[in-house]
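First comes the structure, then the notes that go with it.
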Number of protein chains: 2
Amino acid sequence: MNKDKKSRLQDVAKHAGVSMMTVSRVLNQNGMVSEKTKTKVQAKLKELNYQPNVSARRLASNKSFFLGLLYDNPSASYVSQFLLSSLKLCRDCGYHLVVDEVDKSLTKNLESVAELINITQVDGLILLPPVCDIAEILETLMAANIPFVRVSPNAQLNVSPYVCMDDYQAAFEITEQLIQQGHVNIAHIIGHPDVGASRLRYQGFLDALRSNKINIPPEYIEQGFFTYKSGLSATQKLLSLNNRPSAIFASNDDMAAAAISAAHMKNIPVPTALSVVGFDDTLLASTVWPHISTVRQPIKEMAKVAVELLVSGKFDDPANLKRSDLRHVLDFEIIQRESSTGIS
Amino acid sequence: MNKDKKSRLQDVAKHAGVSMMTVSRVLNQNGMVSEKTKTKVQAKLKELNYQPNVSARRLASNKSFFLGLLYDNPSASYVSQFLLSSLKLCRDCGYHLVVDEVDKSLTKNLESVAELINITQVDGLILLPPVCDIAEILETLMAANIPFVRVSPNAQLNVSPYVCMDDYQAAFEITEQLIQQGHVNIAHIIGHPDVGASRLRYQGFLDALRSNKINIPPEYIEQGFFTYKSGLSATQKLLSLNNRPSAIFASNDDMAAAAISAAHMKNIPVPTALSVVGFDDTLLASTVWPHISTVRQPIKEMAKVAVELLVSGKFDDPANLKRSDLRHVLDFEIIQRESSTGIS
DNA sequence: GCACAAAATGATAGCGTTAACATTTAACTT
DNA sequence: AAGTTAAATGTTAACGCTATCATTTTGTGC
């Protein structure tokens, strides 16, 4: 297309009749430029279609303009949704995203984190659950003085900025909705034990039952791992009980999808004979039939908060780490679809 | 962890008693180093745990060590699977991946491609279908002299390296399998018209029917768009026909999942009253019930070929562009699951 | 109008690497 | 052994930007 060479800071400076530093300052918004020259320079920037050379910038400023995303989440739909959102957000603010899956074993974990830091020199990291609760990783990052934002963390909440939603409350409400629809025999498939949200959701579930004076037998609680497969075997156990539940609350959509599959296998119609609700509202929830009633988790918004926090550099100074405006609790939404219904 | 500063080329050179250039040459493998010094330097590299500074390298070499991935694919499961594979592969060879979704409108398309090239200065691009067949984009890239690999392209096959599989043959075989299972009334939901593979799969389907002397009414052909939603309405039409098909071959898994949903809505049991087969073998295929019989598309392998081609720099010289070893046709596999079965 | 501070701008020196060319060393020839 | 060529290594100057400090301009109070 345009055959002219990429214009450099120097070119812009020459055209605008100022020094390179002034142009640099305009670009980096760190003040100390008069309005007049600022507008002049900005005009030239546009005119020459200037695009900063990321590498030169990195080299000179010793910032990498890279963010890292660490995950080890069993729910593929959750990860990829978070990933895609983050990628776009990063691009919008001139950053790049380096994605890494951390290994199961702890030693390998630390290695790969160290490697990520070393090789790509990320300016900050986003930690998805359950990585965000691995104490050793947090320590490594703090020692290396690398800012990080945790997504839906479970413990050590005062350690770093984080973004989450009220998993407990959401679980409470979606359970209560099942109760209001007349369900009494409600089972729950717990999420991955390493993920803090699992426990919160479970607790919300229990408390909703309790506050409605509903007792369920212990067999109604199954441990899952956020995977389709684990949901499948959990549901199979639930559905072969003598006193079969009339509703299942799975701790994420993947397992809810599995619950529906398991019901189909046993010829139990959903939702007429069995209601199923999930959690997350990933794409999957509306790609299986029946579409899954679920809690919409604001994944995209969470990614946004995380990226913006890191880019803002608000907490480069460790002293700021305790500030409360670095902790974000976002809203959820209960979404009623075809997989759950009132009892007849 | 390690508190010592990152070691630089200079440090390694000093320790090894050679010049920086020699170290650089060892790193970049471009020959002209004696075995003896090579081993000596490599030992020091390891000893000092040297990690090259990507930015400095980029700046000096005028290479970016970035690859771009351009997509506009309606099938989320396909994209995210390709994406995750590519990300890992890139990291393994010291590259980073910049992902971009191209816009629907052509003008915006070109803009965003130009922007991608300008801003990130990618060394090469991977184009997923249907982006890989937008002539204007190809022209832009060629004019800018940026290497690119196309995935499952449709036309202009001699223009660039590509990787694909035999969509026609796969469609032929999976259709024939349905026929062998006794199906005669087989419907097809065509994929997105912009994606070349759609046509090939459709053709394979038609030819399988023809070679088995099976005629189907024109109503058995529905146009879809690779999305769940489009598959849903297509199947709804098919299932309300008087002469309902006994099997549906959807051009991808998302639409096959929709076909199953639509059948459920109408209380048509799958596979006993309706067999459904898909295409791609994305995660989705084994996350819905019944699990979808499908064609396994070697997505990961395709990503691998694409990344390796670009990294190898084999076709930096345009003269090489016609070489046949830059065109890869990978193997597929027919996967029989629970969504299709013999007719009784 | 003068001293003085504060704001705005400029000059210079890297950041860590590779390209391009210069030089040295080794390896053959005759 | 001198001459020639090739292989191995070294030197220097970018690459495009920002940090740091130096300098100029502007504004303020008396």
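In the text below, chain A, chain B and the rest are named by the order of the sequence lines, each starting its count at 1.
Distance B/F65 CZ to C/dG16 P: 17 Å, rounded to the nearest Å. If you take NZ of A/K38 and C1' of C/dA7, they are 14 Å apart, rounded to a whole angstrom. For B/N62 and C/dG16, the CG to P distance is 20 Å, given to the nearest whole Å. Atom-to-atom, NZ of B/K63 to P of D/dG16 comes out at 17 Å; the value is rounded to the nearest Å. The nearest whole Å value for the distance from the NZ atom in A/K14 to the C1' atom in D/dG16 is 14 Å. Remark: P of C/dA11 and CG of A/L9 are 14 Å apart, rounded to the nearest angstrom. Taking atom CZ on B/R57 and atom P on D/dC17, their separation rounds to 21 Å, with Å as the unit. One atom, CG of B/N53, and another, C1' of D/dC15, lie 13 Å apart when rounded to the nearest Å.
OP1 or OP2 of D/dT9 has at least one side-chain nitrogen or oxygen of B/S34 nearer than 4.0 Å. Applying the 4.0 Å criterion to OP1 and OP2 of D/dT9, one finds that B/T22 has every side-chain N and O outside that range. Distances shorter than 4.0 Å separate some side-chain N or O of A/N28 from OP1 or OP2 on D/dT18.
Distances from the side chain of A/M20 to the nucleotides C/dG16, C/dT17, D/dT18 place D/dT18 closest. Among D/dT11, C/dT17, D/dT18, the nucleotide with an atom closest to any side-chain atom of B/A56 is C/dT17.
A/N28 places a side-chain N or O within 3.5 Å of a backbone atom of A/S24 that can act as its donor or acceptor partner. Between the side chain of B/D133 and the backbone N or O of B/N154 there is at least one donor-acceptor pair closer than 3.5 Å. Not one N or O on the side chain of A/D123 forms a donor-acceptor pair closer than 3.5 Å with the backbone of A/K63.
B/L69 and B/L125 get closest at one heavy-atom pair: N-CD2, 4.2 Å.
Where B/L59 and A/S24 each meet DNA chain D at their nearest nucleotide, the meeting point lying more 5' is that of B/L59.
Other residues, nucleotides and ligands contribute more than 12 heavy atoms inside 6.0 Å of the NZ atom of A/K40.
Between atom CD1 of residue B/I126 and atom SG of residue B/C132 there is a gap of 12.0 Å, rounded to the nearest 0.5 Å. A distance of 13.0 Å separates CZ of A/R150 from CG of A/L70, quoted to the nearest 0.5 Å.
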Treating primed atoms plus P, OP1 and OP2 as sugar-phosphate and everything else as base, which nucleotides of nucleotides 19-24 of chain D get B, S or - for protein heavy atoms under 4.0 Å? BB----

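Contact annotation for A/T37: backbone-only contact, meaning every heavy-atom pair under 4.0 Å involves sugar-phosphate atoms and none involves a base.
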